[in-house]
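Structure first, commentary second.
These numbers come from a predicted model, not from an experiment.
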Amino acid sequence: MLTESHLTEFRTKGYTILENALDKEELELLYQESNILSNHLMSEGYDLTKDLGCIIEPWTCGYLDPLETNEYKMDRDRYSRIRNEIYWPNTCTTTASRIILDKYGRTWAAQLLEQTNVYLLNEQFIVKPPLTRSSFEWHRDSDYYKEQSHREIPSVACWTALDEVTEENGTIQIIDFLGLSTTIRVPSSTVVFMSDKLLHKSTNNTTLKFRRVYMVQFSTAPLLIMPDHQPLALAIHTAPNRTK
């Protein structure tokens, strides 16, 4: 659980940082997923930087078999069953969907967004290969939404360092709600929680090693495209489905 100090910092600054957020097993699971998806794309001839901008989306990168319907985008059980296919070793006592929906969603995001019901909005791995000039300019996450109604729905991004993150290997720089500038330097297993209204950018990886980050976003309501009520990305209520 996040402390009251974390929640106050998030309200006043637009971000807060939680170190040692994941246990060893959870960190290893997301780390291996990042490697599996990255290796798949590179084996298919993709350049992670030039072709993908270092962003790897689990559902659209081609690793999972094509799906006949989009029901997984709004149904927790369907999402979980398919999502766990990426990496789930027999020795693992948890699953990716449990980490994402229960730990990130029902625990942390619910605290930060100050409501019990939150929705999984999007997830991606951000993998910066060695010596890559791939950076994201100053922006707020809500800037990417075309519809004003979507921009008005509060959301939180949970930016998780799967490797140690430094100025040299591609970190994020923040200008918080108070106008203060901060460069993030954190060990692996740290989560930086960012409001959709927080101004931030990322830097290049100038080292000889890969830098891996997992980012998942949650919103207070589903972001739907009208008139068909289709999700903009994902729109999964994090609470377990009710049994019929």
Side-chain angles (χ1 to χ4, degrees), residues 22 26-89 92 94-106 108-109 118-129 134 136 141-142 144-147 150 153 155-160 162 191 196 210 212-219 221-225 228-241:
L22 302 176
E26 293 167 336
L27 179 64
E28 178 68 12
L29 192 153
L30 292 176
Y31 186 93
Q32 291 302 328
E33 283 192 336
S34 174
N35 286 341
I36 288 169
L37 298 181
S38 299
N39 290 334
H40 165 75
L41 286 164
M42 289 187 289
S43 71
E44 293 292 315
Y46 289 97
D47 184 302
L48 297 184
T49 305
K50 294 179 181 178
D51 297 328
L52 301 169
C54 299
I55 294 176
I56 301 173
E57 307 227 4
W59 295 94
T60 59
C61 70
Y63 182 79
L64 295 169
D65 291 335
L67 303 173
E68 295 181 359
T69 72
N70 288 331
E71 291 181 2
Y72 74 90
K73 292 185 176 182
M74 301 185 73
D75 184 275
R76 176 185 166 115
D77 289 345
R78 291 178 184 272
Y79 165 88
S80 298
R81 185 171 61 253
I82 301 168
R83 182 63 179 76
N84 294 337
E85 292 177 2
I86 296 175
Y87 181 70
W88 189 8
C92 198
T94 190
T95 64
S97 66
R98 194 177 303 159
I99 298 169
I100 295 164
L101 298 172
D102 293 338
K103 191 163 191 173
Y104 281 95
R106 298 179 69 201
W108 295 329
V118 297
Y119 293 79
L120 172 60
L121 170 61
N122 192 37
E123 61 169 320
Q124 58 189 217
F125 291 94
I126 309 170
V127 180
K128 296 197 173 188
S134 174
F136 298 91
D141 287 346
S142 58
Y144 290 116
Y145 304 138
K146 296 179 181 180
E147 299 292 334
H150 293 162
I153 297 175
S155 64
V156 59
C158 312
W159 190 92
T160 307
L162 304 181
V191 181
D196 63 290
F210 279 80
R212 305 161 186 83
V213 160
Y214 173 70
M215 188 176 77
V216 59
Q217 296 166 284
F218 296 88
S219 57
L223 275 64
L224 303 177
I225 301 172
D228 299 326
H229 292 82
Q230 291 301 307
L232 181 65
L234 300 170
I236 299 170
H237 197 297
T238 56
N241 291 356

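Across every non-hydrogen atom of Y72 and R78, the tightest pair is CA-CB, 4.0 Å. When every heavy atom of C92 is checked against every heavy atom of L29, the shortest pair comes out as SG-CD1, 3.6 Å. Nearest heavy-atom pair across P58 and L37 is CA-CD1, 4.0 Å. Across every non-hydrogen atom of C61 and L41, the tightest pair is O-CD2, 3.3 Å. The two atoms that bring D141 and A157 nearest to each other are OD2-CB, 3.7 Å, heavy atoms only. In terms of heavy atoms, G53 sits closest to F136 at O-CZ, 3.6 Å.
With hydrogens and angles disregarded, no donor-acceptor distance shorter than 3.5 Å links the side chain of S97 to the backbone of R83. A donor-acceptor pair under 3.5 Å is absent between the side-chain atoms of H237 and the main chain of L120, judged by distance alone. Looking at N70, its side chain never comes within 3.5 Å of a backbone N or O of K73 through a donor-acceptor pair. A donor-acceptor contact shorter than 3.5 Å links the side chain of S142 to the backbone of D196.
Distance check: C54 SG to D47 CG gives 8.5 Å after rounding to the nearest 0.5 Å. One finds the CE atom of M215 at 4.5 Å from the CD1 atom of I126 (value rounded to the nearest 0.5 Å). Note that the CD1 atom of I236 and the CG atom of N122 stand 10.5 Å from one another [nearest 0.5 Å]. Separation of atoms CD1 (I56) and OG (S38) is listed at 3.5 Å; rounding is to 0.5 Å. The CD1 atom of I100 sits 12.0 Å away from the OG1 atom of T238 when rounded to the nearest 0.5 Å. Rounding to the nearest 0.5 Å places NZ of K128 at 9.0 Å from OG1 of T49.
Between Y214 and F125, a ring centre-to-centre spacing shorter than 6.0 Å is recorded.
Applying the 6.0 Å contact sphere to OH of Y46 captures no more than 12 heavy atoms from other residues, nucleotides or ligands.
I153 has its side chain out of reach of Y145: every pair of non-hydrogen atoms, C-beta onward, lies at least 4.5 Å apart. Proximity of L224 to M74: side-chain heavy atoms (C-beta onward) are separated by under 4.5 Å at one or more points.
Annotation: side-chain hydrogen bond (donor to acceptor under 3.5 Å, both in side chains) contacts involving residues 52-64, sequence neighbours excluded, comprise W59-E123.
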Inset, instruction - Give the C-alpha distance, both sets of side-chain angles, the deciding distance and a yes or no for side-chain contact (heavy atoms from CB on, under 4.5 Å) between K146 and I225. - result: CA-CA 11 Å; K146 296 179 181 180; I225 301 172; over 6 Å; no
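Shown here are the side chain to side chain donor-acceptor pair (under 3.5 Å) partners of T160, two or more places apart in sequence or in another chain: Y104.
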